[in-house]
Amino acid sequence: MKTQLTKMRAWKKLHEHYKHVKNVQMRDLFDADNERAEKYTLQLDNLLFDYSKNRFTDRTLKHLFRLARDCKVEENIKAMFRGDKINFTENRSVLHIALRNRDNTPIYSDGKNVMPDINAVLNKMKKFAEAVRLGKFKGHTGKKLTNIVNIGIGGSDLGPVMATEALKKYWQKGMQCYFISNIDGTACAEVLNRIDPEETLFIVSSKTFTTIETLTNARTCRKWLVDALGEPAVAKHFIAISTNRKEVEKFGINPDNMFEFWDFVGGRYSMWSAIGMSIAIVAGPDNFEKMLEGAFAMDKHFYRTDLEHNIPVIMALLGIWYNNFFGVKRYAVIPYDQYLQYFPAYLQQLDMESNGKFVDKDGQFVNYSTGPVLFGGAGTNVQHSFFQLIHQGTDFVPCDFIIPAISHNEIGDHHEILIANVLAQGEALMRGKTEKEAAAELTKAGKSKEEVKALKRYKSFSGNRPSNTFVLKKVDPYTLGMLVAMYEHKVFVQGIIWNINSYDQMGVELGKQLALNILPELSGNATGIRHDCSTSRLIATIKKLRK
Ligand code: F6P
């Protein structure tokens, strides 16, 4: 049994140290040290990570790295890359890193090198994607398949949604990509209304092939296709991505049209597997491989670099610093690039499904907080929605800003304005504006003494609000791969320190179980199931409204 986190020496030291740092102003740290940005910036290929606008001193970092070492972060990283069964509640290795292991060194799970199977599926996937793109794999009536519809949910949806959008500039001309995830019939109807069955390829993506949303949507789409083109068309218009061959066959998809992945790939870590088929088709298999290469570059950095220069490790430690010592349990990710608009939603599952846990690896309830609430959206849009709270809310929200230096759409001065805005946010959050500064500005603007007095506090900003800035050259497949892998590893390191299993998701089961109880009550006359009076009343009201 591991020493309880809060009893560790490094943890206690951090608590002590926090008392000295909590009131330190970042603007003073910057004023006192012109080298701060240089000291606290790291670069990997085309990705720059500036973490200087955070509330720490050298001593803070020293304590945080000590904590990481005492929590055996280095050993745990090795264990993951070695294929140890670190997902112990499900008795599984955690090997999404093997999917992008571009130098093909053997990686073992259960004594078996996983690389030959991974390479075989990747090759099959590349060939299939190319055949669809070239129109060699045609629809039942001989037409080219230009509508690609991914049916999946959670990890079988969010990665492909995010990455296809991020790489939109790389899409093959004439191709369209759609996603059906929600069980809400509207999700299906809205896509099916827009496409022609003769030109449509459905990709049923489900690790388990038992997820009610995905199977219900897939059945609806299958019926729609069969109604239009007849049963034999299914073989030419449906493929499956899954670990569950038996269920794929049962569903009526030819196993030749199945692309396999494995239990050692978690759903929210699966966009690197055949789950990324929609990405490979619309953006092309070469670009899909470049994305794998970018992730591989980040994996190597993560595996080989000492903690003090390790980007995901530093991100994780700063997160722990705010979450567990400042008591700030929220975190925003703001990409300043329209193509990355779905990145926060993707990260939400990655982070919150991985680290939203209250039982530690020793089976004990934790007595410290774990995963933060992650939210975000594309800048500058979010500046006009939730940024008021980020600047003047009662608590600070650590932010990650992501900005490409070059836009895919350099139109007029749009991109300069975008860059100016992201940099201004980081600066404003860090420096803030004192009442004195606000008063001086108001006076300069010609306000009367009374007006200055009345307004200066409203116009002031406390500042000292932390942010990380990530500068990319451009949102390309390689950089996207790096970015995603970077966040995956950040989440992993936090899970190690919190001593939780970041790779199961048992918390989503109870709701699913209860929904199965309620379903027969809604659709039929099943009675006798005991609910609380609120749930029973809601069921009765909805049934009445549906009559
Ligand atoms: O919501 C829980 C979950 O198991 C996620 O972890 C997963 O990504 C999603 O459901 C979809 O599961 P599947 O790919 O098995 O359909």
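Only a predicted model underlies this, so the values are computations on that prediction, with no experimental measurement involved. For ligands, and for the atoms within them, numbers begin at 1 and follow the listed sequence.
- Among D157, L158, T211, I153, the residue whose heavy atom lies nearest to atom 13 (P) of ligand 1 is T211.
- Of all protein heavy atoms, the one closest to atom 15 (O) of ligand 1 is T208 OG1, 2.6 Å.
- Here the two rings, on Y487 and Y346, have centers that are 6.0 Å apart or farther.
- Y269 and Y503 have their aromatic ring centers within a separation under 6.0 angstrom.
- Close approach of ligand 1 to G154 (heavy-atom distance below 4.0 Å) involves ligand atoms 8 (O).
- The single protein non-hydrogen atom nearest to atom 2 (C) of ligand 1 is V508 CG2, 3.4 Å, given as residue, atom name and distance.
- How far NZ of K250 is from CZ of R245: 15.5 Å, rounded to the nearest 0.5 Å.
- The shortest N or O to N or O distance between S205 and ligand 1 is not under 3.5 Å.
- Residue nearest to atom 5 (C) of ligand 1, selected from R268, E353, Q505: E353 (by heavy-atom distance).
- Remark: distances from the non-hydrogen atoms of E213 to ligand 1 are all 4.0 Å or more.
- Here's the thing with K207: one of its N/O atoms is less than 3.5 angstrom from an N/O atom of ligand 1.
- A salt bridge does not link K300 to D103: none of the charged nitrogens lies less than 4.0 Å from a carboxylate oxygen.
- A salt bridge between D286 and K290 is absent, with no side-chain N of the basic residue lying under 4.0 Å from a carboxylate O of the acidic one.
- Aromatic ring centres of F401 and F470 lie farther apart than the 6.0 Å criterion allows.
- Residue G155 has at least one heavy-atom neighbour below 4.0 Å for each of these atoms of ligand 1: 7 (C), 8 (O).
- When E247, M506, K512 are checked for heavy-atom proximity to atom 10 (O) of ligand 1, K512 turns out nearest.
- Ring centroid separation for the pair H237 and F202 does not come in under the 6.0 Å cut-off.
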